[in-house]
Amino acid sequence: MQNFLAQLGEGTEILMILSIILFAGFIMTRLTNTLNLPKVSGYILAGILIGPCCLNYISKDMIGHMGFISDLALAFIAFGVGKFFKKEVLLRTGKKIIIITLFEALTAGILVTLFVKLVFGLEWEFSLLLGAIATATAPASTMMTINQYKAKGEFVDTLLQIVALDDVVCLLAFSIVSAIASGKAAGGASIDDIVLPLIYNLFAILLGFFCGYFLSRLLIPTRSKDNRLILVIAMLLGISGICAAVNISPLLSCMVFGAAYINLTEDKKLFRQINNFTPPIMSIFFIVSGMNLDLYALKTVGIIGISYFAVRIIGKYAGTYVSCLVTDTSPGIRNYMGLALIPQAGVAIGLAFLGQRMLPKETGSLMLAIILSSSVLYEMIGPVCAKLALVFSGCIPSEHLLKTDSDQEEKQERPREISEVKETRRLLDSADFGAEQGSFAEMVEEMNAGVDERDDDDIEKVIPVSVEKEKEKEKDKEKKKKKHRKMERKGA
């Protein structure tokens, strides 16, 4: 396959590779759907299958040129997570969320650091960097699992805020630890090595807030859907490029971007537009993560990688459980939140590549092998654990454990079709069809726009209004009938 692709032009080769990646993900998710596994697991398996370790359809050089996919995917993920940081929600749960996040993230990081240093006797630089990376949680797989099963509730709101803040803690911890590691490698850490990353991240926060404010002014009600999507994607790409220029993650800035926009506008439709746009990008992101795994490197990882895999899970679960006890959180969140924090991929992989450059070649390669191999394992079991946590906490019905995606889609489509047929029949059966033509045209336009363009709250607001109008019409008819009867009686 590589020989065939190499004979093509550069543009054709890239298009063919993207086609292979997307087809591989689609085919593998058919298998995982049959086994009732989350889609993320299928994407990771597809990446391993077509990557250098198995069928070797795509060369390592081409995989190396796809690094921008990680920043792009993280930008969309962070923007989507930002909508859950509404001010009223933060005022209600903010203090608890911060305590839980700090506990579970730092517990995992400290346990990994001490275990690797004391048990295996590795350098402090390596142990600290690995511990800092251990604090991260993958928001992408968690978001995809939640979206796939339409999970809602207090558990989901808490989980998404923790996952988002998790990576904030990770980025700040990694900035401090990497400054120390770089300083020791250069013979001493300077103030600039510590202060500059913090300044850059503060600048990223301000940039995200400015973009949220600017977008809220640009997206006036008359703005078309196409232009709305173009403007938000242009800003996300710009933020990603600026952050890449100063070697920081776009996660924090894009998250503030989403949070600022939702608090200034209360506009949820834009986030749904982004969700409809991102599935191919997320698919490529996870498949490329799977392709990055070097199965042969697992031999060198050995017991260190296994220990990292297990100790991080223990730290996440223990930190979450203890912090929930301290903050008097509900048993559902306390018992199952730790299961939903297992996934680790995008941010961790990106930081592992940065950490590799700060360490000697041998230990740097070891770190990268540990993070890549464990990330794939986390992404394999993480979405399954997240799904179980959502089921046990009552956020999704238990029958989803036995139903496939096609069953769920059919179930969602059926009520919409029934309501549309009923409304059409009502209008066609109306005695005065001419008077109803305006409402009929509006109904057709609404059907074409799609019910998915509304929130659940919006639908609840619209339905009672239409019912009230029908009741008013019936009352008017009754009044007219009564007046007509009175007139007849008087005439008699």
Side-chain angles (χ1 to χ4, degrees), residues 32-33 35-41 77 80-86 88-90 92-94 96-97 99-101 104 137-167 258 262 268 271-272 275 278-279 282 313 316-317 319-321 323-325 327-344 378-412 415 452 454-460:
T32 54
N33 285 345
L35 299 174
N36 210 34
L37 294 173
K39 290 180 180 179
V40 177
S41 304
I77 293 163
V81 170
K83 72 177 180 180
F84 296 98
F85 284 84
K86 289 185 176 180
E88 59 268 19
V89 176
L90 290 175
R92 188 174 69 248
T93 63
K96 287 185 177 181
I97 297 297
I99 293 173
I100 294 171
T101 304
E104 56 87 12
T137 303
S141 57
T142 304
M143 284 288 290
M144 285 192 72
T145 304
I146 290 170
N147 290 336
Q148 182 179 351
Y149 298 106
K150 310 296 180 187
K152 294 180 181 179
E154 182 186 2
F155 185 92
V156 173
D157 293 339
T158 305
L159 171 61
L160 289 170
Q161 292 179 65
I162 291 174
V163 167
L165 288 176
D166 235 358
D167 289 330
I262 191 66
K268 296 180 182 178
F271 292 91
R272 279 196 299 278
N275 286 339
T278 54
M282 303 309 301
I313 293 176
K316 286 283 182 181
Y317 192 89
T320 304
Y321 193 89
S323 59
C324 287
L325 281 175
T327 56
D328 194 26
T329 309
S330 63
I333 295 175
R334 181 173 68 241
N335 295 331
Y336 306 117
M337 184 61 69
L339 289 175
L341 297 176
I342 290 176
Q344 185 183 54
Y378 283 133
E379 290 301 293
M380 292 297 297
I381 70 165
V384 178
C385 293
K387 177 182 175 181
L388 292 175
L390 293 170
V391 172
F392 293 151
S393 62
C395 293
I396 56 177
S398 58
E399 57 263 25
H400 278 302
L401 290 170
L402 302 175
K403 290 185 177 180
T404 63
D405 290 344
S406 59
D407 294 331
Q408 295 175 39
E409 291 170 2
E410 183 181 352
K411 185 177 179 181
Q412 292 167 6
D452 287 339
R454 297 174 177 167
D455 291 327
D456 293 337
D457 294 338
D458 296 334
I459 294 173
E460 290 170 4

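This is a predicted model, so every value here is computed, not measured. What you see below is based on every heavy atom in this structure, not just the backbone, and it leaves out hydrogens, waters and symmetry mates.
- The shortest non-hydrogen separation linking Lys316 to Thr320 is O-OG1, 2.7 Å.
- By the ring pair (Phe, Tyr, Trp, His ring centres under 6.0 Å) test, Phe271 pairs with Phe79, sequence neighbours left out.
- Contact annotation: the side chain of Lys83 never approaches that of Leu160 to less than 4.5 Å [non-hydrogen atoms, C-beta and beyond].
- Contact check for Tyr378 versus Ile313: side-chain heavy atoms found under the 4.5 Å cut-off.
- Rounding to the nearest 0.5 Å places CD1 of Ile162 at 11.5 Å from CD1 of Ile99.
- A distance of 10.0 Å separates CG in Leu390 from NZ in Lys387, rounded to the nearest 0.5 Å.
- For Thr101 against Asp166, the heavy-atom pair with the smallest separation is CG2-N, 3.6 Å.
- Shown here are the side chain to side chain contact (heavy atoms under 4.5 Å, CB included) partners of Thr278, two or more places apart in sequence or in another chain: Phe76, Ile274, Met282.
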Run the side-chain donor-acceptor check on residues 327-338: report pairs under 3.5 Å with partners two or more places apart or on a different chain.
residue: Thr327; atom: OG1; partner: Ser323; partner atom: O; Å: 2.8
residue: Thr327; atom: OG1; partner: Cys324; partner atom: O; Å: 3.4
residue: Thr327; atom: OG1; partner: Thr329; partner atom: OG1; Å: 2.8
residue: Arg334; atom: NH1; partner: Thr329; partner atom: O; Å: 3.2
residue: Asn335; atom: ND2; partner: Pro331; partner atom: O; Å: 3.1

